[in-house]
Number of protein chains: 2
Amino acid sequence: MIQKLSEHDREKLQESLATTGQKVTPQREIVFAVLLAKRDHPTVEDVFQRARESMPGLSLATVYNCLETFVGCGLVRQVNHERESTRYCPNLAPHAHFRDEATGRVHDIELPPEILQNLRSILPPGFNSETIEISFHGRSQDHAPRPSSN
Amino acid sequence: MIQKLSEHDREKLQESLATTGQKVTPQREIVFAVLLAKRDHPTVEDVFQRARESMPGLSLATVYNCLETFVGCGLVRQVNHERESTRYCPNLAPHAHFRDEATGRVHDIELPPEILQNLRSILPPGFNSETIEISFHGRSQDHAPRPSSN
DNA sequence: TTGCACTTTGGAATCATTCCAACTCATTCG
DNA sequence: CGAATGAGTTGGAATGATTCCAAAGTGCAA
């Protein structure tokens, strides 16, 4: 069962939604709470399952809608790997992703600003990049338990 | 109409396929030739259309098969952008991709080895990466004609 | 000539995602 | 108050890329 949003997170939600003229709804609160509760890059289906525990009537379409809305107002990031289902990630700090092909898990990799700068500098003149996506693909020995929570 | 493979390219094809115990077929030759003829990161559908000009009976399933085979034996790379159709790229040198959101076109960006090294170094211990994918997303003023062919 | 391994093919099946029309609910307006 | 408006939600249908599958085809080797 998902814990309710903290006052702080609820405000963040409310403010971000407001920037695009949208409102807080019970469904959006729960979907957002699910993302914050376990930062394991869940798929839409994962979010759906988890959110349903708290709100059995919730529909899959709504989960799609909520997540799209969050991406639109900058609350979460989409993470795509090859052709697999899209995953969602509430970590807004610049970071790369490491996809462990043994477990299928996705780990965040901190991204030092100078690396980003470095990367931007290899673009030929005339190329202006808004976003850079970096994803590693391999195996990790890391089987740490849960990084968990927020 | 697609030009036949050069002797050199045909050998490359033959050798790569051999490493995984597979054979050169007319279909594979044409699909490979299509990739080399215009290095614009075509989708499966693009390849299908272009290849059909030379071999009208070719089936879509076969194009999927060929491309998968080529990826498997290291002849070409897959390029994924968000949830769009997979694109294919015969450029094997390490490079990043720049996706121009205005035109939808994908450009290769040369990747200096030290940057790759740099990136590898930000992985925490225990993470071993086989491949790194880097994709920029933005707009370019570059409307150069065809870099084209070989 | 028979068997075997690899290929190709068209159509069916799958699966994530998008679309859509009906419905809910809160708020605004006459 | 009661209708109108509009954002949000919902379930099911539709879409689109990709995969699966079973039936043929194509050498090559025994």
Side-chain angles (χ1 to χ4, degrees), chain A residues 10 13-14 16-34 41-52 54-73 75-89 104 106, chain B residues 13-34 41-49 51-52 54-73 75-88 104 106:
Chain A
R10 201 179 171 292
L13 176 62
Q14 135 75 36
S16 295
L17 285 171
T19 63
T20 44
Q22 290 164 301
K23 303 175 203 162
V24 175
T25 68
Q27 288 87 342
R28 285 173 181 167
E29 284 186 9
I30 289 190
V31 169
F32 191 46
V34 164
H41 308 86
T43 62
V44 175
E45 198 63 37
D46 293 333
V47 173
F48 182 50
Q49 300 299 343
R50 296 178 198 172
R52 273 204 157 208
S54 307
M55 185 184 272
L58 183 67
S59 88
L60 182 59
T62 300
V63 176
Y64 272 98
N65 289 340
C66 289
L67 291 170
E68 194 195 337
T69 301
F70 293 166
V71 171
C73 70
L75 262 179
V76 307
R77 275 176 58 183
Q78 264 183 338
V79 184
N80 287 295
H81 255 286
E82 323 255 297
R83 303 236 95 239
E84 292 171 14
S85 308
T86 301
R87 294 169 177 279
Y88 292 83
C89 163
V106 176
Chain B
L13 176 61
Q14 136 75 33
E15 280 167 22
S16 296
L17 285 171
T19 64
T20 44
Q22 288 165 305
K23 304 176 202 161
V24 175
T25 67
Q27 289 87 343
R28 284 174 182 166
E29 285 187 8
I30 290 190
V31 169
F32 191 46
V34 164
H41 306 89
T43 62
V44 175
E45 198 62 37
D46 293 333
V47 174
F48 182 50
Q49 301 299 342
R52 273 205 155 207
S54 308
M55 184 185 272
L58 184 68
S59 90
L60 182 59
T62 299
V63 176
Y64 272 99
N65 290 339
C66 289
L67 291 169
E68 194 197 338
T69 301
F70 294 166
V71 171
C73 69
L75 264 179
V76 307
R77 277 176 57 182
Q78 262 184 339
V79 184
N80 287 295
H81 255 286
E82 323 255 298
R83 305 236 93 240
E84 293 171 13
S85 308
T86 301
R87 294 169 177 278
Y88 293 83
V106 176

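Residue numbers begin at 1 in each chain, while the letters A, B, ... track the order of the sequences.
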Note to self: Let's see if you can work this out: which of C:dG10, D:dT10, C:dA16 has an atom nearest to the side-chain heavy atoms of B:Ala61?
What the structure shows: C:dG10
Check: Quick one: is D:dT9 close enough that its OP1 or OP2 comes under 4.0 Å of any side-chain N or O from A:Thr25?
Finding: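 So the side chain of A:Thr25 is within the cut-off, an N or O lying under 4.0 Å from OP1 or OP2 of D:dT9.
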Margin query: Under 4.0 Å from OP1 or OP2 of D:dA17: is there any side-chain N or O of A:Arg83 that close?
Written below: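 No.
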Notebook entry, point to check: Distance from A:Gln14 atom CD to A:Arg28 atom CZ, nearest 0.5 Å?
Noted result: 11.5 Å
What nitrogen or oxygen pairs link the protein and nucleotides 3-6 of chain C at under 3.5 Å?
none

In whole Å, what is the span from the [atom1] atom of [X] to the [atom2] atom of [N]?
{"X": "B:Arg52", "N": "C:dT9", "atom1": "CZ", "atom2": "P", "value": "9 Å"}
{"X": "B:Tyr64", "N": "D:dT18", "atom1": "OH", "atom2": "P", "value": "4 Å"}
{"X": "B:Asp46", "N": "D:dA17", "atom1": "CG", "atom2": "P", "value": "11 Å"}
{"X": "A:Phe48", "N": "D:dT10", "atom1": "CZ", "atom2": "C1'", "value": "11 Å"}
{"X": "B:Leu17", "N": "D:dG27", "atom1": "CG", "atom2": "C1'", "value": "16 Å"}
{"X": "B:Glu45", "N": "D:dT18", "atom1": "CD", "atom2": "P", "value": "9 Å"}
{"X": "A:Glu82", "N": "C:dC15", "atom1": "CD", "atom2": "C1'", "value": "17 Å"}
{"X": "A:His81", "N": "C:dA16", "atom1": "NE2", "atom2": "C1'", "value": "17 Å"}

Note to self: I'd like to know if the side chain of A:His41 reaches the main chain of A:Cys89, judged simply by a donor and an acceptor atom lying under 3.5 Å from each other, with no hydrogens or angles considered.
What the structure shows: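 Side chain of A:His41 to backbone of A:Cys89, a donor-acceptor pair under 3.5 Å: no, none is there.
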Notebook entry, point to check: Does A:Leu60 offer a backbone N or O that forms a donor-acceptor pair with the side chain of A:Arg52 under 3.5 Å?
Noted result: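 The answer is no, because no donor-acceptor pair under 3.5 Å joins these two groups.
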Note to self: Quick check on DNA chain C: between A:Leu60 and B:Asn65, whose nearest nucleotide comes earlier from the 5' end?
What the structure shows: B:Asn65
Check: Would you say A:Thr69 and A:Leu17 make side-chain contact, with heavy atoms under 4.5 Å?
Finding: yes
Checklist line | A:Tyr88 side chain reached by A:Arg77 side chain, heavy atoms, under 4.5 Å | finding: no
Notebook entry, point to check: B:Ser59 and B:Thr62: side-chain donor and acceptor closer than 3.5 Å?
Noted result: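 Result is yes, a qualifying pair exists.
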Check: Do A:Asp46 and A:Thr43 have side-chain N/O donor and acceptor atoms under 3.5 Å apart?
Finding: yes
Next item on the list: Remember a base hit wins even if backbone is also touched, and classify B:Thr86 as base, sugar-phosphate or nothing at under 4.0 Å, heavy atoms.
Entry: sugar-phosphate
Check: Checking all strands, does A:Thr62 fall into the base, sugar-phosphate, or nothing category for heavy-atom contacts under 4.0 angstrom?
Finding: base
